[in-house]
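The figures that follow rest on heavy atoms only: side chains count, while hydrogens, waters and symmetry mates do not. Model, not experiment: these values are computed from the prediction. Here is the naming used below: chain letters follow the sequence lines, and residue numbers restart at 1 for every chain.
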Number of protein chains: 2
Amino acid sequence: MRIGELAALTSVPTKTIRYYEGIGVLPPAERGPNGYRTYDTDDVERLRFIKDAQATGLTLDEIATVLRLRGAGESTCEHVTHLLHHHLLHLDARIESLQATRARLVSMIERAEALDPADCTDPNRCQTIGSQPREDGATATHELHGGPVAHTHH
Amino acid sequence: MRIGELAALTSVPTKTIRYYEGIGVLPPAERGPNGYRTYDTDDVERLRFIKDAQATGLTLDEIATVLRLRGAGESTCEHVTHLLHHHLLHLDARIESLQATRARLVSMIERAEALDPADCTDPNRCQTIGSQPREDGATATHELHGGPVAHTHH
DNA sequence: CTACACCTTCCAGTGCACTGGAAGGTCAAG
DNA sequence: CTTGACCTTCCAGTGCACTGGAAGGTGTAG
């Protein structure tokens with residue numbers, strides 16, 4: 001199959017496929033007599049693997065490393081499982097922190113919904129955002145010396 | 001407190017704090033007579049909020065939007081809770097997909113560890129990586145026409 | 001007085017992962 | 001034989017979130 005079909009099957013743009021080949025995430029594709037790249041079902045697999053690996057937070061560089069270990073012989077399996085274990089830890093930490101933030105977000109929403117809308121008219125504060133309730137009495141009620149914000153981001 | 005102390009308290013570099021102010025994520029800081037930025041505990045809160053919000057996947061732009069809704073009066077609370085709800089969905093989807101990938105990763109590791117290391121010597125395949133076991137018998141055993149990969153990334 | 005840490009602005013660069021566009025080759029259908 | 005889809009290379013730009021460095025002001029300790 002040619003690059004367009006591979007792109008259609010994987011939802012990865014042709015541009016990106018060529019880019020992946022360029023940076024070594026994909027091996028140089030075989031070429032037809034006309035110079036067109038040709039792919040097979042393995043390449044579909046590979047591309048799907050890349051997408052999955054990316055979803056877990058692996059960078060293209062790490063993915064390239066894993067993918068290149070194919071065909072290197074030697075003790076690469078240990079290498080791979082090591083990387084995989086390492087990444088599992090990362091993944092677990094990420095999931096945990098996301099769940100913690102989820103909890104925070106939910107409690108934020110609950111606080112927001114428990115509010116009397118009338119409390120929402122003070123132009124200088126919003127109970128939903130701002131600091132969590134504090135013991136020291138200072139409840140983040142201070143002016144926002146804002147005005148139109150200069151968004152000069154070159 | 002000055003910018004250095006704020007940086008120390010939040011583990012956000014001074015560069016980044018000024019950058020946040022530049023793009024409007026933080027309101028323009030008050031200045032001392034010498035022109036130095038001065039901060040208080042609310043700014044510590046704000047910065048921590050930014051970090052947390054970032055961890056959930058909100059972009060700095062979205063965070064800026066949320067933060068700027070402080071002090072806008074009107075029906076901004078609905079606006080905020082809407083954004084929050086929206087983001088909760090995002091967050092849940094993200095956690096779920098991460099957990100799915102975690103499962104995939106674990107099964108990959110298990111497959112890797114169940115392998116006889118002797119099976120790992122074929123230079124053209126690695127059982128850990130590569131396609132999942134398939135029914136059609138074609139088990140992703142094909143050459144990597146690789147060699148040293150040109151890493152010409154401009 | 002000098003050294004030094006810490007602050008200021010401004011502009012430019014980095015890293016990652018693409019993405020766009022120009023200029024041109026290939027090939028099947030009308 | 002032309003049109004149009006699809007392919008090629010190469011180079012340049014984008015978006016996000018920083019990060020570095022130059023050039024210079026401030027403030028305290030020795």
Any donor and acceptor pair, going by atom type alone, linking the side chain of A/T10 with main-chain N or O of A/V44 inside 3.5 Å?
-> no

To the nearest angstrom, how far is A/L58 atom CG from C/dA17 atom C1'?
-> 15 Å

Please state whether the phosphate of D/dT9, meaning OP1 or OP2, lies under 4.0 angstrom from any side-chain nitrogen or oxygen of A/R31.
-> yes

Is B/R2 near enough to C/dC6 that one of its side-chain N or O atoms lies under 4.0 angstrom from OP1 or OP2?
-> no

Is there a donor and acceptor pair, one atom on the side chain of B/Y36 and one on the base of D/dG27, closer than 3.5 Å?
-> no

Please report, rounded to the nearest Å, how far the C1' atom of D/dA17 is from the CD atom of B/Q54.
-> 8 Å

Atom pair distance, as rounded to whole Å: CD1 in B/I17 and C1' in C/dC7 | 13 Å

Give the rounded distance in Å between these two atoms: CZ of A/R37 and P of C/dG25.
-> 17 Å

Quick one: list whatever passes ring pair (Phe, Tyr, Trp, His ring centres under 6.0 Å) with B/H85, sequence neighbours left out.
-> none

Shortest non-hydrogen contact from A/T38 to A/R31?
-> OG1-N, 4.2 Å

Would you kindly give the CD-to-C1' distance between B/E62 and D/dC16, to the nearest whole Å?
-> 12 Å

Flag if over 12 foreign heavy atoms under 6.0 Å of CD, A/E96 | no

Can you figure out which of D/dA17, D/dT19, C/dT19 approaches the side chain of B/T16 most closely?
-> D/dT19

Between D/dT19 atom C1' and B/I23 atom CD1, what is the distance in whole Å?
-> 14 Å

Separation of C/dC18 atom C1' from A/L60 atom CG, nearest Å, is 9 Å

Looking only at side-chain N and O atoms, does B/Y19 come under 4.0 Å of OP1 or OP2 in D/dC16?
-> no

Assign each of B/N34 and A/E5 to its nearest nucleotide of DNA chain D by heavy atoms, then name whichever residue's nucleotide is nearer the 5' end.
-> A/E5

In whole angstrom, give the distance that lies between atom NZ of B/K15 and atom P of D/dC16.
-> 21 Å

Dump the intermediate steps for side-chain contact (heavy atoms from CB on, under 4.5 Å) on A/I50 and A/L60, then the final yes or no.
-> CA-CA 8 Å; A/I50 293 169; A/L60 285 180; 4.1 Å; yes

